Amino acid sequence: MQRCTNELYWLDQQAQSRMQYDWSDCNLDYPSRRRQYENFINRSLEAKEERINKLHSEGDQLLAAKHPGRKSIEAHMEAVHADWKEYLNLLICEESHLKYMEDYHQFHKDVKDAQELLHKVDSDLNQKYSPDFKDQYQIELMLRELDDQEKALDKYEHEVRGLQKRGQQVVPLRYRRETPFKPIPVEALCDFESDQGLISRGYSYTLQRNNGESWDLTDSTGNELTAPAVCFMIPPTDPEALALADSLGSQYQSLRQKAAGSRRALQQRREVLKAENSGDVSDLQGRQLLAGLDKVASDLDRQEKAITGILRPPLEQGRAVQDSAERAKDLKNITNELLRIEPEKASSTAEGEAFMQALPGSGSAALLRMRVEDTQRRYERLVQLLDAAQEKVDIANRLEKSLQQGREVLASYENQLAQEDTVPKSGHALDSKRQELAAMASELQARQALLSEVEQNLQAAKQCSGSLASRFQEHCPDLERQEAEVHKLRQRFDNLCQQVELRVQSLQSTRAAHDAFYSGRDHLLQFLSHIPSYEPQETDGLGQMETKLNNQKNLLDEIARREEEVQKVYAHSQQYQQAVKDYELEAEKLRSLLDLENGRSSHMSKRARLQSPATKVREEETALAAKFTEVNAINRQRLQNLEFALNLLRQHILTYSTVTVTVLPQFSMATSITACEEP
């Protein structure tokens, strides 16, 4: 009882902690809360659930032993079960709120970063690309750089559009700390039993007043409800997020127009300088060769930036396989670009070397030599970087594919198990389900190779990422996440195997207890339904009466001996109910874990749950016990009637020894035994 009280206190503290926590936009300490949440889920949830289950098991044992404190034990067990279920629901809410907060603040951070980047590009356009006091050579360089800048802006349009799309999905967290000007719809994140009625997960309600920890709501029929705010989310959209996204789009379009204006100004200046071109032939030729090498260098820089632009951003969550495949395709395009640049590079370096041999004393010869060597080094390094990047992206794609395949395979098994609420009712169905689960266990063992493939791909990704980091200082942003996902996949696999094994064991125990219960029950019902009646009759003589009395005593002795069978049937009933309860707890545990992992998933659906077969067995056990008690009481009364009738008969014989007893008082008892229904 004390341990139940301790658990109830802990569960109450945990519930209050989540109900009082600030889930609004003002709370910036959500990363710490996320770490606490994941630490508990990964390290403590299973141990806590084992303690709760152990309490239930010990309580059931006390009830089976007919402990005198039965009512108090049952009350504590029900309270712990209800609070534990509420706590699991609050964990689902916490997971959802943490995701909403992370999405909200990440969106605002990404918009701010985008605005700062566009502001920097705007400053460069104002300061760096002015055509004043520039010669033709400088103008050519500036035009090439501006060309790269505009291409980068073209690619960045995807980011801007992505932020605008994300802005439509941001949850308005501001309304969690203040009441909106008018009632707004909210959605329940979990089931909750309020004083005014049941809050159903997935259903919509209308927020009338924000009281901080609790909200005043109305349902679809207009009924007023009050419930903890943590149980609800406010659906998108957020007006502030939409305004930020629109402002970013306007800033981007303005920048594109300014870049086009800068290009026109530079082109006009270049035409003017061409008309004024003058100088000796060798210097002009040297500048032209330098311009050609600079163009090659600029092209190589652009390809290097493209490669690092592929390597550095993390893979997009939710579509990592497609993203890695798209990056592999982009790298192939870069390979083609490099093949296109190579002849131009070879020609420019060859012309530069020929110029230096023909005119070693030219003023541009020293600079030309340095540019030729630098171009060769850049090209060779870029080829090596491209090869390493292709290997890394290909391995990442294989790893993400194997991870996705593993998740899909496990999800198919998890979904099958999550659809089950309780055990089948009949013995044949129990055997079929156990065989089905045994086959599933065999299939899971055959899937070990899939996990091995995932782990091998992870090791290859680690080696490739280490090579990139040591040779080119390019660090993989996905490796830590991929390691965590591989670990999580292995943990899911182990949990699934354990879940199937536990269910098979529960079904075996259930079948054994099921057969033992119904066998014992049927045997007792057969006995109780054929109890002979030894009621005294008016025409019974002394010998007949004594025979009936002896038969009735023997019958009561037989009934007394059957008491042990009744206790065995009761024990088998308790074993059956406990086995069914264990199975149902495992099923509920799996559904809760899946909901925690998936956020707002459909495992806790609105479909009606099947009634537990344990309820029927408990009713049949109660009916059998009632019938046995009734039969026992009736036959004890019959014994008393026979003894009383026999005593009267003997008195008559003593008083009238020569007179034949012709009339006896009628001692009969109308009894009606209603047979229990067959299962």
Side-chain angles (χ1 to χ4, degrees), residues 120-121 124-125 127-152 262-263 266-267 269-270 272-274 276-312 334-389 467-474:
K120 182 178 181 301
V121 174
D124 288 344
L125 291 176
Q127 301 172 9
K128 188 175 180 180
Y129 297 103
S130 173
D132 298 335
F133 311 109
K134 301 295 190 302
D135 59 21
Q136 185 177 349
Y137 173 68
Q138 293 171 318
I139 293 292
E140 293 288 349
L141 286 177
M142 291 168 65
L143 281 170
R144 284 196 292 271
E145 290 176 1
L146 185 58
D147 183 59
D148 293 340
Q149 189 72 269
E150 287 183 314
K151 289 181 180 179
S262 297
R263 170 174 287 281
L266 288 171
Q267 288 172 339
R269 177 61 180 169
R270 181 180 61 181
V272 171
L273 290 175
K274 281 183 178 180
E276 298 174 353
N277 188 25
S278 62
D280 62 66
V281 176
S282 62
D283 286 343
L284 180 60
Q285 186 180 2
R287 287 199 299 271
Q288 289 175 343
L289 291 173
L290 285 171
L293 287 170
D294 285 341
K295 180 180 182 303
V296 172
S298 177
D299 290 342
L300 294 176
D301 284 343
R302 184 167 61 252
Q303 299 309 316
E304 183 173 356
K305 288 178 181 178
I307 294 172
T308 55
I310 292 172
L311 290 175
R312 290 174 183 175
I334 293 174
T335 301
N336 295 332
E337 281 295 309
L338 205 57
L339 292 174
R340 182 190 62 78
I341 293 171
E342 197 279 333
E344 186 178 354
K345 184 269 306 180
S347 174
S348 296
T349 53
E351 290 175 0
E353 291 173 350
F355 179 84
M356 289 183 291
Q357 291 177 359
L359 298 170
S362 173
S364 56
L367 179 59
L368 194 58
R369 180 178 295 104
M370 183 175 63
R371 293 290 177 83
V372 168
E373 294 173 354
D374 182 62
T375 301
Q376 293 283 17
R377 282 195 303 270
R378 284 190 180 188
Y379 181 82
E380 292 171 0
R381 181 182 183 278
L382 187 60
V383 170
Q384 296 172 358
L385 176 61
L386 180 59
D387 290 341
S467 175
L468 268 171
S470 61
R471 294 171 60 195
F472 304 102
Q473 289 71 53
E474 293 292 338

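Since the structure is predicted, the reported quantities are computational estimates derived from the model, not experimental observations.
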Please name the pair of heavy atoms, one in [X] and one in [Y], separated by the smallest distance, quoted to 0.1 Å.
X	Y	answer
F355	L368	CD2-CD2, 3.5 Å
G352	V372	CA-CG2, 4.4 Å
L468	A388	CD2-CB, 3.7 Å
S470	S467	OG-O, 3.1 Å
L293	S348	CD2-CB, 3.7 Å

Residues in side-chain contact (heavy atoms from CB on, under 4.5 Å) contact with K345, at least two apart in sequence or another chain:
V296, E342, T349, T375, Q376, Y379
With sequence neighbours left out, the residues meeting side-chain contact (heavy atoms from CB on, under 4.5 Å) with Q303 are I334, E337, I341, L382
With rounding to the nearest 0.5 angstrom, report the [atom1] to [atom2] distance, [X] to [Y].
X	Y	atom1	atom2	answer
L143	E150	CG	CD	9.5 Å
Q149	R302	CD	CZ	12.5 Å
T335	R340	OG1	CZ	13.0 Å
R377	L300	CZ	CG	12.5 Å

Taking only residues two or more places apart in sequence or in another chain, which ones pass side-chain hydrogen bond (donor to acceptor under 3.5 Å, both in side chains) with E474?
R312
Report the C-alpha separation of D374 and R371 in whole Å, then their side-chain angles, then the decisive distance to 0.1 Å, and conclude whether the salt bridge (charged side-chain N to carboxylate O under 4.0 Å, His left out) test is met.
CA-CA 5 Å; D374 182 62; R371 293 290 177 83; over 6 Å; no
Let me see the working for D299 and R144 under side-chain contact (heavy atoms from CB on, under 4.5 Å), right down to the final yes or no.
CA-CA 9 Å; D299 290 342; R144 284 196 292 271; 5.5 Å; no
Below 4.0 angstrom, N of the basic side chain to O of the carboxylate: do K305 and D301 qualify?
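Between D301 and K305 there is no salt bridge, as every charged N stays at least 4.0 Å from the carboxylate O atoms.
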Between E304 and R381, does any side-chain N to carboxylate O distance fall below 4.0 Å?
yes
